Amino acid sequence: MEVFEEFRLLTAEVISRTAFGSNYLEGKKIFEMLTRLSILVINNYYKTKIPGISMIWKTADEIESEKLAKGIHDRVMEMVKRREKNVSVGESDNFGNDFLGLLINAYRDSDEKNRFSVEDLVDECKTFYFAGQETTNSLLAWTVLVLAIHTEWQEKTRREVFEAFGDRNPNSEGISKLKVMNMVINETLRLYSPVSAVIRKVGKEAQLGRLVLPANMEVMIPIMALHHDPQSWGDDVHLFKPERFAQGIASATKYNSAAFIPFSMGPRSCVGMSFATTETKIALSMILQRYAFTLSPAYVHAPFPIMTLQPQHGIQVMLHPL
């Protein structure tokens, strides 16, 4: 089975239901448009652009991008108006307890300082999708890869899952106690971070070692390089060794918090971090309860970053029902 695509379908379903609740089928259509839009953005990111030329002539990709952006905006606002109408005519007493419902509450906040604009509302839907779906898809796939290769860690993790849940579905109390799985996930995040780099703008002039960074300069932080730095992790930096995290992240990084930042850090860390790791633990637990798996001979190792770190040729595993 090729698992990366299977996990893409799973995580798209989960994020659609979480974000849009009963409107999840419409949500899936929005996210499909958003996926296409992200591909167009990536394909054109490094192309040279002549200032002003798009005012008089647009490429086919630019025309399609504008249509997709408008389509996403219109579909989100249709759902918003429908929920507003349901409340106004008494069919519902709230806007919903899903992510869209929370956004509508912010959109209609009586305090002008806290109120969301239409653009904020639509942009938050986009951010939540990438933060909660793309990262989970990537993390699940790479975790299955390392467990398919390192079957001794697969067995350790399976034993822990059965001790916590037996044959029952995972629950929140048990999920928080999965220490071995936590170690495996952290080591996977170190080796195969869903996001390979982040960009930050310098707010005001700052000194970084011998460098003086002027205000408004954009700095790229290469997460992948930090996670593969022998000075931080030792000579075995490229090996899969979950035991690094046996005493927690602080001990593994020798108390250097910037050495391990799979979801970035600080106030602009990824909003989907808890969502992604919790969903990964639930899905992995349910898989480990039902199957053992090994790597297929058809697998070709070729990680490459498109928004998130993805396997260029997929991840093929052999499933063995327990």
Side-chain angles (χ1 to χ4, degrees), residues 3-5 7-8 11-12 15 31 34-47 126-149 183-202 208 213 217-234 236-242 244-245 249 252-253 256-277 279-280 299-315:
V3 295
F4 185 80
E5 181 61 19
F7 288 144
R8 189 187 70 78
T11 54
I15 198 75
F31 292 150
L34 194 51
T35 300
R36 174 60 186 158
L37 182 60
S38 70
I39 291 168
L40 292 173
V41 169
I42 293 158
N43 288 347
N44 289 275
Y45 191 76
Y46 293 107
K47 288 184 180 176
K126 294 176 183 176
T127 303
F128 188 67
Y129 172 68
F130 283 115
Q133 192 269 339
E134 293 275 340
T135 51
T136 317
N137 188 183
S138 176
L139 176 55
L140 262 173
W142 294 116
T143 306
V144 164
L145 171 76
V146 294
L147 289 179
I149 296 170
M183 290 158 56
V184 167
I185 287 173
N186 281 335
E187 182 69 342
T188 306
L189 285 168
R190 186 186 71 81
L191 289 170
Y192 301 101
S193 295
V195 179
S196 55
V198 291
I199 295 173
R200 293 289 181 263
K201 183 179 279 189
V202 179
L208 188 66
L213 309 181
M217 180 183 188
E218 289 190 347
V219 179
M220 188 182 80
I221 302 160
I223 294 173
M224 193 66 76
L226 290 171
H227 289 185
H228 289 77
D229 183 1
Q231 286 189 321
S232 297
W233 300 96
D236 59 358
V237 65
H238 299 302
L239 300 180
F240 176 74
K241 295 183 70 175
R244 296 177 207 275
F245 292 95
I249 292 171
T253 59
N256 177 5
S257 58
F260 182 67
I261 51 170
F263 295 98
S264 188
M265 64 186 295
R268 294 198 175 273
S269 60
C270 177
V271 294
M273 177 172 67
S274 295
F275 188 94
T277 51
E279 186 182 344
T280 297
Y299 175 69
V300 176
H301 195 60
F304 77 123
I306 313 185
M307 295 296 277
T308 55
L309 190 70
Q310 301 183 13
Q312 189 170 359
H313 308 296
I315 295 177

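Everything numeric in this text was worked out from a predicted model, so none of it was measured.
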- [ ] Return the minimal non-hydrogen interatomic distance between Leu139 and Thr143, and the atom names on each side.
- [x] O-OG1, 2.6 Å
Task: Side-chain heavy atoms of Leu140 within contact of Asn137, under 4.5 Å - done: no
Task: Heavy-atom closest contact (Ile261 atom, Ile223 atom, distance) - done: O-CD1, 3.4 Å
TODO: Check whether any side-chain heavy atom of Ile185 lies under 4.5 Å from a side-chain heavy atom of Thr280, and answer yes or no.
DONE: yes
Open item on the list: Is the shortest side-chain heavy-atom distance between Pro303 and Gln312 below 4.5 Å?
Closed with: no
Open item on the list: Is the ring pair Tyr192/Trp142 parallel, tilted or perpendicular, if the boundaries are 30 and 60 degrees?
Closed with: parallel
Open item on the list: Could you measure the distance from the CG atom of Leu226 to the OG1 atom of Thr253? Nearest 0.5 Å is fine.
Closed with: 11.5 Å
Task: Test log, rule side-chain contact (heavy atoms from CB on, under 4.5 Å), inputs Phe275 and Ile15 - done: CA-CA 9 Å; Phe275 188 94; Ile15 198 75; 3.6 Å; yes
- [ ] Look up atom CD in Glu134 and atom OG in Ser38, then write down how far apart they are to the nearest 0.5 Å.
- [x] 6.0 Å
Task: Verdict with supporting geometry, Ser264 and Met273, side-chain contact (heavy atoms from CB on, under 4.5 Å) - done: CA-CA 10 Å; Ser264 188; Met273 177 172 67; over 6 Å; no
TODO: Determine, stepwise, if the pair Leu189 / Asn186 fulfils side-chain contact (heavy atoms from CB on, under 4.5 Å).
DONE: CA-CA 5 Å; Leu189 285 168; Asn186 281 335; 4.1 Å; yes
Open item on the list: Does the structure place the NZ or CZ of Arg190 under 6.0 Å from the centre of the six-membered ring of Trp233, at an angle of no more than 45° from the ring's axis?
Closed with: yes
Open item on the list: Do the side chains of Arg244 and Glu187 get close enough for a salt bridge, i.e. N-O under 4.0 angstrom?
Closed with: yes
TODO: Indicate yes or no for a side-chain donor-acceptor contact from Ser138 to the backbone of Leu309 under 3.5 Å, with no hydrogens or angles considered.
DONE: yes
Open item on the list: Once rounded to the nearest 0.5 Å, what's the spacing between atom CG of Leu145 and atom CZ of Phe4?
Closed with: 12.0 Å
TODO: Please report the shortest heavy-atom distance between Ala302 and His313, naming the atom on each side.
DONE: CB-CD2, 3.8 Å
- [ ] Might you point out which heavy atoms bring His227 and Ser193 nearest each other, and give the distance in Å?
- [x] ND1-OG, 2.8 Å
Task: Rounded distance (nearest 0.5 Å) linking atom OG of Ser274 with atom CD of Glu279 - done: 12.5 Å
- [ ] Evaluate the criterion side-chain contact (heavy atoms from CB on, under 4.5 Å) for residue pair His238 and His228; output intermediate values, then yes/no.
- [x] CA-CA 7 Å; His238 299 302; His228 289 77; 3.4 Å; yes
Open item on the list: For a quick test of reading the model, state the closest non-hydrogen atom pair linking Thr11 to Gln133 and the distance between them.
Closed with: OG1-NE2, 3.0 Å
Task: Pairwise side-chain contact, Val195 with Phe263, heavy-atom cut-off 4.5 Å (strictly under) - done: no
TODO: State the CZ-OG distance between Phe260 and Ser232, to the nearest 0.5 angstrom.
DONE: 12.5 Å
Task: Distance in Å, Arg8 CZ paired with Thr136 OG1, rounded so as to fall on 0.5 Å steps - done: 13.5 Å
Open item on the list: If I compare all heavy atoms of Ile199 with all of Met220, which pair ends up nearest, and what's the gap?
Closed with: CG1-CG, 4.2 Å
